[in-house]
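Before any comments, here is the structure.
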Protein chains: 4
Amino acid sequence: MALVFSSGSATSGPRSASKILNAARDVLSAQGYPALTIEAVAAAAGVGKTTIYRWWPSKEALVADALAEIFRADEIPDLGDTHAELRQAVDMTIDNYTNEDMATALPALAASLLPHPELMTRFRETFLHRKRENIAAALHRGIQRGDLPDDLDTDLVQDIWAGTILYRRLMTGSPLDTDLAEHLVQLTTKAPPLLPRRESPRTSR
Amino acid sequence: MALVFSSGSATSGPRSASKILNAARDVLSAQGYPALTIEAVAAAAGVGKTTIYRWWPSKEALVADALAEIFRADEIPDLGDTHAELRQAVDMTIDNYTNEDMATALPALAASLLPHPELMTRFRETFLHRKRENIAAALHRGIQRGDLPDDLDTDLVQDIWAGTILYRRLMTGSPLDTDLAEHLVQLTTKAPPLLPRRESPRTSR
Amino acid sequence: MALVFSSGSATSGPRSASKILNAARDVLSAQGYPALTIEAVAAAAGVGKTTIYRWWPSKEALVADALAEIFRADEIPDLGDTHAELRQAVDMTIDNYTNEDMATALPALAASLLPHPELMTRFRETFLHRKRENIAAALHRGIQRGDLPDDLDTDLVQDIWAGTILYRRLMTGSPLDTDLAEHLVQLTTKAPPLLPRRESPRTSR
Amino acid sequence: MALVFSSGSATSGPRSASKILNAARDVLSAQGYPALTIEAVAAAAGVGKTTIYRWWPSKEALVADALAEIFRADEIPDLGDTHAELRQAVDMTIDNYTNEDMATALPALAASLLPHPELMTRFRETFLHRKRENIAAALHRGIQRGDLPDDLDTDLVQDIWAGTILYRRLMTGSPLDTDLAEHLVQLTTKAPPLLPRRESPRTSR
DNA sequence: CTGTAAGCGAGACGGTACGTCCCGTCTTGAG
DNA sequence: CTCAAGACGGGACGTACCGTCTCGCTTACAG
């Protein structure tokens, strides 16, 4: 993922981009988000502040690029097993939020982008789009196999998955364990829970 | 809700507490979270900075108290209709995150409290505990009525509800409409998706 | 001379004014005018930059006040001896420009004020007015005694004295010794003025 | 005058020397000395910063060369009239300091060179030496004609002339008019010198 | 002709200082 | 005696230039 928040053209990227992004993550891990100042990153990277400001318009953009590099959005391989694939999808999301830096910084980042719709859009595309596409592909395979309902709302499924995980991380502090993962998967596969406008087809509790 | 983040004894509350908390919300609404500085609140409240620092140890504590006053955690009345009660619970959560100030400031607040477990605990108790108790009461009524499974994981239900709503507000920007509310309610009432620790009874994957 | 370039009211002057002005002169002496930065003065004074900027609008104003405190503008006592009084006047001027800090910083200061007529006016009044008044008083005593011509242009006399001294200090580097002082005095009192090393007071050319 | 402050050999001068020196004066006239930065000159000259640094070691050296090109140091022609020749000498000095750029930049330049004796020496030679030689020649003609005292201190005369003019320009802001010029000339030739607005009473040249 | 190296424009780079904003603490003066 | 007003030491902001450093691109001379 190539510096989508940097203002540099794709080709003439900053010479010290990786030095800077690594330093940003180092500072984040070592001292936490509040200590993640541009000056601290510049010092940690052995770089002038100017160089950072030359390529990233704000701390937010820098953090976004730094996190984007470690945000997992893997393709889900076709395992022939819908349940296994969905577990892999959920586990990937859990991984993303279990990562200390990500959990610390992502919500702060999202919160600080909220008032800037244009940046928010870039943020969504960078962080979420690819991941959601990949998971949607797995869900569609499940539908074609007949393991999932035809009219499954793949966006809602993903909102529930990621939302629940984020919420536990951010608000309740409940554990993100295999139990949770399994629950979230079964939420999709079992019964008719996520079918829009249906009269519970195969449901006979 | 009484100033749980303030360091003052419950009785000898600050004389200008409400002036200050109102000013905090005014600044938040008018100029956004980044502009919500102690100095700005003091100026808006016509109060010395000292007075604010006397009662709240940090900007976070002040914001927490300011938000706590407008965070809805109503008791769900016994309507005799499980579905209606659950909709009321979900709608209340949606209301909380639809409020502009809340949506702006709550995630930022939570993110900034993450590294301070002790404050985080206070935060959870203040904001979530009462609301969750009230919703749990409604869920238990549903269980007793036989409308919901005996072993429903009421915590997980609430994590899913609030998580999905927060996630859409914070990350995807998708609408929080009645469709979503209905989906979230049906997720709980229909089929067996949210039963904890089961060996997926009638499922042959 | 009380902080004429500071923006504080005369009464509520900065608490750390003298600490700051001393630090400014220390930095000037130790490291020279180019190193005389606001940050360096703040550090040397053990003071925040803010405190300096609160009271002085610019480095120039600060330097002006710092120099004003050591700029000599003494009253010339009535010695009954015109020649002695004028020597005292010239010596005072030489003293001012012999002082290393003054010689270094005054011309730089004046040069940097040139484009700001309003500041330049304040500068003139602060630095020159009192001194010139005092010297003019001595000159007028000389006129009344009949030692100096009735229509002596006291401004021009002073411009010549100070100008020659400044010019030597700034441009030619020639020494500012008693010879020069005597020449400058005799320029006013006697003719012909520009003969080197002579005793011959009223020597017919 | 050939780039005495440039570090290039006289022969292999910079191709764009005049472009750069003109640009320097343009910036000086248009935006003042504080805005006279290397980057601004480079931009105005359509030249890379490197090119400037290749030939001039510092901003001071560049400014010195730029000013040297417009600093008047003409030979005083033998007019057969001492008074007229001296007026020409004084007028030339006044011209030099009446020029807006010169008055702005020369004192700043001299002040900034003060702590660098080696550069200061080069500066004096470049700017002053030729001019002083030429004026000294005129003074010597006056001595030979018997219009000036045999033992006139030609250096002191020039220090007084230039010093008074510089001082008025830099410090008092008094006008540099023909009255002043005449006074300064008469200071050398006659006594008593410092009477204002006289019709040269005892003067029958 | 043509290669090749010096001179050049452009501007990235590590830095320093700027002047501002806000922090959290301390001091003062009016009611 | 309280408390608004705000001075204080400090840290980070985002900007402007500094002087150094690659980059390719002329361009002019040597082969």
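Every heavy atom of this structure was used, including side-chain atoms; hydrogens, water molecules and symmetry mates were not. The sequence lines fix the lettering, A, B, ..., with proteins before strands; numbering per chain opens at 1.
Here the CG-CD distance, from Leu119(C) to Glu60(C), works out to 8.0 Å after rounding to the nearest 0.5 Å. A distance of 8.5 Å separates CD of Glu100(C) from CG of Leu114(D), quoted to the nearest 0.5 Å. Atoms OG and CD1, on Ser16(C) and Ile52(C) in that order, are 8.5 Å from each other to the nearest 0.5 Å. Rounding to the nearest 0.5 angstrom, the gap separating the CZ atom in Phe127(A) from the CE atom in Met102(A) is 6.0 Å.
Distance from the side chain of Ile38(D) is smallest for dG19(F) among the nucleotides dC18(E), dG14(F), dG19(F). You'll find that the side chain of Thr37(C) is closest to dA17(E), out of dA12(E), dA17(E), dC13(F). With dG10(F), dA12(F), dC13(E) as the candidates, the nucleotide lying closest to the side chain of Thr51(A) is dC13(E). Taking every side-chain heavy atom of Lys49(C) into account, dA12(F) is the closest of dA17(E), dG15(E), dA12(F). Comparing atom distances between the Val47(B) side chain and each of dA4(F), dA17(E), dC13(E) picks out dA4(F) as nearest. Taking every side-chain heavy atom of Tyr53(D) into account, dG19(F) is the closest of dC23(E), dG19(F), dC13(E). Of the candidates dA12(F), dT27(E), dG9(F), dT27(E) carries the atom nearest the Thr50(B) side chain, counting heavy atoms from C-beta on.
Between Trp55(D) and the phosphate of dG7(E), there is no side-chain N or O to OP1/OP2 separation shorter than 4.0 Å. Phosphate contact (OP1/OP2 of dC3(F), side-chain N/O of Lys19(B), threshold under 4.0 Å): absent. For dC13(E), the OP1/OP2 oxygens have a side-chain nitrogen or oxygen of Arg54(A) closer than 4.0 Å.
Within the nucleic acid shown, Lys59(C) has no heavy atom closer than 4.0 Å to any nucleic acid atom.
Residue whose closest nucleotide on DNA chain F sits further toward the 5' end, between Ala40(A) and Gly48(C): Gly48(C). Judged by closest nucleotide on DNA chain E, Gly46(A) is the one of Gly46(A) and Pro34(B) placed further toward the 5' end.
As a whole-Å value, the separation of Glu39(A) CD from dG14(E) P is 15 Å. Counting to the nearest Å, the P atom of dT16(E) and the CG atom of Leu36(C) are 18 Å from each other. The separation between Trp56(D) atom CH2 and dC8(E) atom C1' is 14 Å, rounded to whole Å. Rounded to an integer number of Å, the gap from Glu60(A) CD to dG14(F) C1' is 13 Å. Distance CD1 (Ile52(C)) to P (dA17(E)): 14 Å, rounded to an integer number of Å. Between the CD atom of Gln31(D) and the C1' atom of dA16(F) there is a distance of 14 Å, rounded to whole Å.
Residue pairs meeting the side-chain hydrogen bond (donor to acceptor under 3.5 Å, both in side chains) criterion with at least one partner in residues 29-42 of chain A, sequence neighbours excluded, are Ser29(A)-Asp101(A), Glu39(A)-Lys49(A).
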